[in-house]
Participant: 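To start, I am sharing the structure in question, which I have written as structure tokens.
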Amino acid sequence: MPEKLRRDFYTRPTLVVAKDLLGKYIVRKFRKRKIIGKIVEVEAYIGPKDKASHAYLGKITERNRAEFLIGGHIYIYLVYGMYWQLNISTYLENKPECVLIRALEPIEPKIFQGNKKIANGPGKLCKFLKLNKSFYGEDLVKSKRIWLEDWKDCTKKEIVATSRIGIDYAGPYWSKIPWRFYLKNSPFISRK
DNA sequence: GTACAGATTGAG
DNA sequence: TCAATCTGTACT
């Protein structure tokens, strides 16, 4: 039986949550149907010390304030004027830490099963899950239209850690830190 | 008010 | 390799 993830899953330290999110399922209720994707790639952002984080130095803006919510809330924002990025807040309230969901393996609808290009990028998976600004600050623990499940797959997962994508501006240290995690051998990740 | 770059993507 | 297209931020 699938188990819905509760608050205590999200309030643990961010790097623990990030790795544990791999292999979990995002369930999105849309027009009485379920869209489901298995998380295969994530990145961790740990403000205020993380130079690549929107909350670097603890800065709060209209855009990033959802990052400061207690673990389990959605932080969603637009990049390059056209792509939504799905983040999940982690750890405690007023700790601006989050995990960026970068790629999904499509499970439902079945027509997309095996499609390696429908959700293999942060902008594309938001399109796949039909997400937009109306999900800003949504609580994954209480929401009736989006939540996460643990399907208790017995397959052991092998995790690969590499540097994060698209944040060269953060300098040699923070742009190289291995906070991008993905499931080894998954054909559904955003880059090889 | 203006200028500029960004946690991306798909077309050429 | 490049442009699309909007928001936050650092200027004037």
Side-chain angles (χ1 to χ4, degrees), chain A residues 10 13-22 24 26 28 35 37 39-69 71-91 95-106 112 115-138 140 146 148 159-183 186-192:
Chain A
Y10 303 102
T14 301
L15 293 177
V16 175
V17 178
K19 285 182 257 193
D20 211 4
L21 277 171
L22 294 174
K24 297 296 188 288
I26 298 185
R28 159 83 165 108
I35 303 171
I39 300 173
V40 298
E41 179 181 344
V42 298
E43 282 178 6
Y45 286 85
I46 305 185
K49 64 179 180 182
D50 180 359
K51 207 170 177 185
S53 168
H54 291 156
Y56 180 51
L57 301 180
K59 186 182 59 175
I60 303 180
T61 67
E62 188 56 29
R63 178 176 68 165
N64 79 358
R65 63 192 158 78
E67 269 198 277
F68 292 76
L69 298 172
H73 288 81
I74 288 181
Y75 167 40
I76 191 167
Y77 68 93
L78 203 59
V79 267
Y80 302 111
M82 60 189 104
Y83 298 111
W84 293 102
Q85 308 280 289
L86 174 64
N87 295 253
I88 298 175
S89 73
T90 50
Y91 205 40
K95 301 288 184 186
E97 310 189 3
C98 66
V99 175
L100 168 68
I101 309 299
R102 287 193 55 91
L104 299 177
E105 171 180 343
F112 289 124
N115 187 328
K116 304 181 185 72
K117 297 184 176 176
I118 192 74
N120 64 332
K124 295 165 81 173
L125 72 88
C126 283
K127 216 180 249 179
F128 175 71
L129 293 173
K130 314 274 189 204
L131 301 181
N132 54 45
K133 183 126 197 185
S134 76
F135 284 83
Y136 192 89
E138 188 97 353
L140 291 166
I146 186 168
L148 268 64
I159 298 174
V160 181
T162 67
S163 56
R164 293 173 292 176
I165 308 274
I167 51 151
D168 290 346
Y169 62 86
Y173 180 79
W174 291 106
S175 65
K176 295 268 166 35
I177 200 164
W179 284 355
R180 172 180 178 233
F181 307 101
Y182 61 85
L183 291 179
S186 171
F188 300 96
I189 62 172
S190 63
R191 302 194 196 178
K192 282 182 205 164

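Note that the coordinates shown come from a computational prediction; the quantities given were computed from them, not determined experimentally. Each chain gets a letter, A, B and so on, in the order the sequences are listed, and its residues count up from 1.
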Participant: Do the non-hydrogen side-chain atoms of Pro48(A) and Pro96(A) ever get within less than 4.5 Å of each other?
Facilitator: yes

Participant: For the residue pair Leu148(A) and Tyr10(A), what are the closest heavy atoms and their distance?
Facilitator: CB-OH, 3.5 Å

Participant: So which nucleotide does dT5(C) pair with, by the Watson-Crick or G-U wobble rule with both distances under 3.5 Å?
Facilitator: none

Participant: Would you call Ile167(A) and Tyr45(A) a side-chain contact if the rule is heavy atoms closer than 4.5 Å?
Facilitator: yes

Participant: Below 4.5 Å, heavy atoms only, C-beta onward: do Gln85(A) and Tyr77(A) meet side chain to side chain?
Facilitator: yes

Participant: Can you check the Ile165(A) CD1 to dT8(B) C1' distance for me, whole Å?
Facilitator: 11 Å

Participant: What is the distance from NZ of Lys124(A) to C1' of dA11(B), rounded to the nearest Å?
Facilitator: 13 Å

Participant: Using nucleotides 1-5 of chain B, report all nitrogen or oxygen pairs with the protein that are shorter than 3.5 Å.
Facilitator:
none

Participant: Is there side-chain contact between Ile46(A) and Leu15(A), with heavy atoms separated by less than 4.5 Å?
Facilitator: yes

Participant: Rounded to whole Å, how long is the line connecting atom NZ of Lys117(A) with atom P of dT8(B)?
Facilitator: 19 Å

Participant: Taking atom P of dA7(B) as reference, at what distance in whole Å does atom CD of Glu67(A) sit?
Facilitator: 11 Å

Participant: Report yes or no: is the cationic atom of Arg28(A) (NZ for Lys, CZ for Arg) under 6.0 Å from the centre of the six-membered ring of Phe128(A), at an angle within 45° of the ring normal?
Facilitator: no

Participant: Specify the separation, in whole Å, of atom CD1 of Ile76(A) and atom P of dC6(C).
Facilitator: 16 Å

Participant: Any side-chain heavy atom of Asn115(A) within less than 4.5 Å of one from Lys117(A)?
Facilitator: yes

Participant: For Phe112(A) and Ile118(A): C-alpha separation, side-chain torsions, deciding distance, then whether side-chain contact (heavy atoms from CB on, under 4.5 Å) applies.
Facilitator: CA-CA 7 Å; Phe112(A) 289 124; Ile118(A) 192 74; 3.7 Å; yes

Participant: Stacking here means centres under 5.5 Å and planes under 30°; does Tyr80(A) stack on dT8(B)?
Facilitator: yes

Participant: For nucleotides dT7(C) and dG10(B), find the distance between their C1' atoms and express it as a whole number of Å.
Facilitator: 22 Å

Participant: Mind checking who dA7(B) pairs with, Watson-Crick or G-U wobble, both distances under 3.5 Å?
Facilitator: none

Participant: Are Lys127(A) and dT8(B) close enough that a side-chain N or O sits under 4.0 Å from OP1 or OP2?
Facilitator: no

Participant: Are side-chain N/O atoms of Lys116(A) and Asn120(A) paired as donor and acceptor at under 3.5 Å?
Facilitator: no

Participant: OH of Tyr56(A) versus P of dG6(B): gap in Å, rounded?
Facilitator: 16 Å

Participant: Which protein N or O atoms sit under 3.5 Å from an N or O of nucleotides 7-12 of chain C?
Facilitator:
| from | atom 1 | to | atom 2 | distance (Å) |
| --- | --- | --- | --- | --- |
| dT9(C) | OP1 | Lys59(A) | NZ | 3.3 |

Participant: Grab the CD1-P distance between Ile88(A) and dA7(B) for me, whole Å please.
Facilitator: 19 Å

Participant: Hey, does Gln85(A) reach any base, or is it just sugar-phosphate, or nothing, if we go heavy atoms under 4.0 Å?
Facilitator: sugar-phosphate

Participant: By nearest atom, which of the nucleotides dT5(C), dA7(B), dT9(B) is closest to the Met82(A) side chain?
Facilitator: dT5(C)

Participant: To the nearest angstrom, how far is Leu86(A) atom CG from dT8(B) atom P?
Facilitator: 14 Å

Participant: Is it true that, when you exclude Phe68(A) itself, more than 12 heavy atoms of the residues, nucleotides or ligands shown sit nearer than 6.0 Å to its CZ?
Facilitator: yes

